[in-house]
Amino acid sequence: MSRDQAAAFLRTLATANPKPETELLYRDPFSLLVAVVLSAQTTDAAVNKCTPSLFAAAPTPAAMAALGAEGIGPHIRRIGLWQGKARNVAALASLLVEQHGGEVPRDRAALEALPGVGRKTANVVLNVAFGENTMAVDTHIFRLGNRTGLAPGKTPRTVEDGLVKRCPPELLRDAHHWLILHGRYVCKARLPACWRCIAATHCNYRDKVVPPA
DNA sequence: ATCCCGAGGG
DNA sequence: CCCTCTGGAT
C-alpha cells in the first residue's frame, strides 16, 4: 500500500480509543520492563494478577535484586515459564544495580544485554517509557503488517523498520499501543474480524475474510 | 488437543 | 532455522 494509505491506516488506529493494557498500566520504566518480561507466552490478565504483590514486595531494582529468584517465584506462580522468568528478573535487577546505577537504561544495546530481554521487549520499553521512535514487533504485529500490507517483511526486523518509517512520528506511541490491541482482538490470527475493523477501508486484506453466518 | 503479546540456545 | 521452557484460554 502507498505511504499515504499506511499513514491513514495508522492514524485511524492511533486516534481510536484503546482500553488500557499492560503497556499503559506500568508507567515507570522498571515496572514496565518487568511486566513485559513476565508477559511472554501468557495473558495480560495473568500478569496483572501477579504484579501488585510483586511490586509491593520489591518496587525498585535494588529491592528486586535483594528479593532474588526464590523470593520472586512465589509471586508469579500463575504465569507460564515462571521459573525462568523469576531467575531472569532477579538477574536483571542485579545488573541494573551493578551496571546502571539502579536505573533502566535508555539504550537498546544495554536493554538487550539484560537476561530475558530481546528486541521486542527493548522496543516496548524504549517506545512507552522513553518515547523513542521504535515499534515492538510481536507475532501479532508481524502478522498484521504482512496481512494488511501496512508493513510487509520476511523478518520481524523488516516489519519493524517499515512501521517506523511509515508511521507519522507524532503517532508512534499511540499507533504502537493500538497495533498490539488490534492484532490481538481484531486482526486475529485465526478469525480476523474485518467486519468490525475500524481500519478496514485502508487494508489490503479487507473482504478476504467471510464474516460468520 | 492446540495455540500463544518471546528469548536463548543448539 | 529449530527447539525448549510453562500455564491458561479456547
Side-chain angles (χ1 to χ4, degrees), chain A residues 10 13-14 16 18-27 31-51 53-54 69-70 72-96 104-105 107-129 134-148 150-151 153-160 163-164 172-193 197 212:
Chain A
L10 289 163
L13 288 186
K19 32 182 180 180
E21 246 186 74
T22 300
E23 279 79 16
L24 294 186
L25 230 48
Y26 303 96
R27 289 294 181 135
S31 54
L32 175 69
L33 171 62
V34 172
V36 176
V37 167
L38 295 180
S39 294
Q41 296 294 41
T42 15
T43 61
D44 282 345
V47 171
N48 293 340
K49 276 183 185 171
C50 299
T51 48
S53 72
L54 177 63
E70 293 73 16
I72 294 169
H75 292 284
I76 63 175
R77 282 241 167 69
R78 299 216 83 214
I79 68 182
L81 314 181
W82 65 270
Q83 298 169 96
K85 287 170 183 176
R87 286 191 294 271
N88 283 154
V89 170
L92 164 163
S94 296
L95 276 173
L96 292 182
V104 175
D107 175 76
R108 156 159 292 123
L111 286 168
E112 291 187 15
L114 300 170
V117 180
R119 188 171 182 97
K120 183 259 177 179
T121 300
N123 276 336
V124 172
V125 173
L126 287 170
N127 179 306
V128 177
T134 64
M135 291 289 231
V137 178
D138 56 24
T139 55
H140 288 320
I141 299 190
F142 181 75
R143 175 185 65 248
L144 189 153
N146 279 293
R147 175 189 278 170
T148 63
L150 179 60
K154 332 86 217 136
T155 69
R157 181 59 193 276
T158 317
V159 171
E160 177 189 325
L163 287 174
V164 171
L172 265 163
R173 268 180 132 163
D174 289 337
H176 168 262
H177 178 62
W178 231 98
L179 279 169
I180 294 175
L181 297 178
H182 194 70
R184 172 70 182 87
Y185 297 112
V186 181
C187 199
K188 298 178 291 185
R190 291 166 293 224
L191 289 171
C197 172

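Order of the sequence lines fixes the chain letters, A, B, ..., with proteins taken first and strands second; residue numbering starts at 1 for each chain. No experiment lies behind these values; they were computed from the predicted model shown.
- At a threshold of 4.0 angstrom between heavy atoms, the contacts of Val37(A) with the nucleic acid are absent.
- Residue Gln41(A) places at least one side-chain N or O under 4.0 Å from the OP1 or OP2 atom of dG6(B).
- Put simply, CG on Leu92(A) is 15 Å from C1' on dG6(B), counting in whole angstrom units.
- At whole-Å resolution of the value, CG in Leu81(A) and C1' in dT6(C) are 4 Å apart.
- Among the nucleotides dT6(C), dC4(B), dA7(B), the one closest to the side chain of Thr121(A) is dA7(B).
- When all heavy atoms of Leu32(A) and Ala129(A) are compared, the pair lying nearest together is CD2-CB, 3.8 Å.
- Heavy-atom nearest nucleotides on DNA chain B were determined for Thr139(A) and for Pro115(A), and the one closer to the 5' end corresponds to Thr139(A).
- Within 4.0 Å (heavy atoms only), Leu38(A) reaches no atom of the nucleic acid at all.
- Separating the CD1 atom of Ile79(A) from the P atom of dC5(C) is a distance of 17 Å, rounded to the nearest angstrom.
- You'll find that the side chain of Arg78(A) is closest to dG8(C), out of dA7(B), dG8(C), dT6(C).
- Other residues, nucleotides and ligands contribute more than 12 heavy atoms inside 6.0 Å of the CZ atom of Arg77(A).
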All N/O donor-acceptor pairs, side-chain side in residues 81-92 of chain A, below 3.5 Å, sequence neighbours left out:
from	atom 1	to	atom 2	distance (Å)
Lys85(A)	NZ	Leu38(A)	O	2.7
Lys85(A)	NZ	Ala40(A)	O	2.7
Lys85(A)	NZ	Thr42(A)	OG1	3.4
Lys85(A)	NZ	Gly80(A)	O	2.8

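- A search for side chain to side chain donor-acceptor pair (under 3.5 Å) contacts involving Ser53(A) returns His75(A), not counting sequence neighbours.
- Here the OG1-CD1 distance, from Thr148(A) to Ile141(A), works out to 11.0 Å after rounding to the nearest 0.5 Å.
- Nucleotide dC4(B) holds its C1' atom 10 Å from the CZ atom of Arg143(A), rounded to whole Å.
- Taking a cutoff of 4.0 Å between a charged side-chain nitrogen and a carboxylate oxygen, Glu160(A) and Arg119(A) qualify as a salt bridge.
- At whole-Å resolution of the value, CG in Leu114(A) and C1' in dG6(B) are 15 Å apart.
- Across all their heavy atoms, Asn146(A) and Gly153(A) have their closest contact at OD1-N, 2.9 Å.
- The nearest whole Å value for the distance from the NZ atom in Lys154(A) to the P atom in dC1(C) is 12 Å.
- Counting to the nearest Å, the C1' atom of dC4(B) and the NZ atom of Lys120(A) are 12 Å from each other.
- Taking atom CZ of Phe142(A) as the reference point, atom P of dC4(B) lies 13 Å away to the nearest angstrom.
- Residues of residues 84-91 of chain A having a heavy atom closer than 4.0 Å to DNA chain B: none are found.
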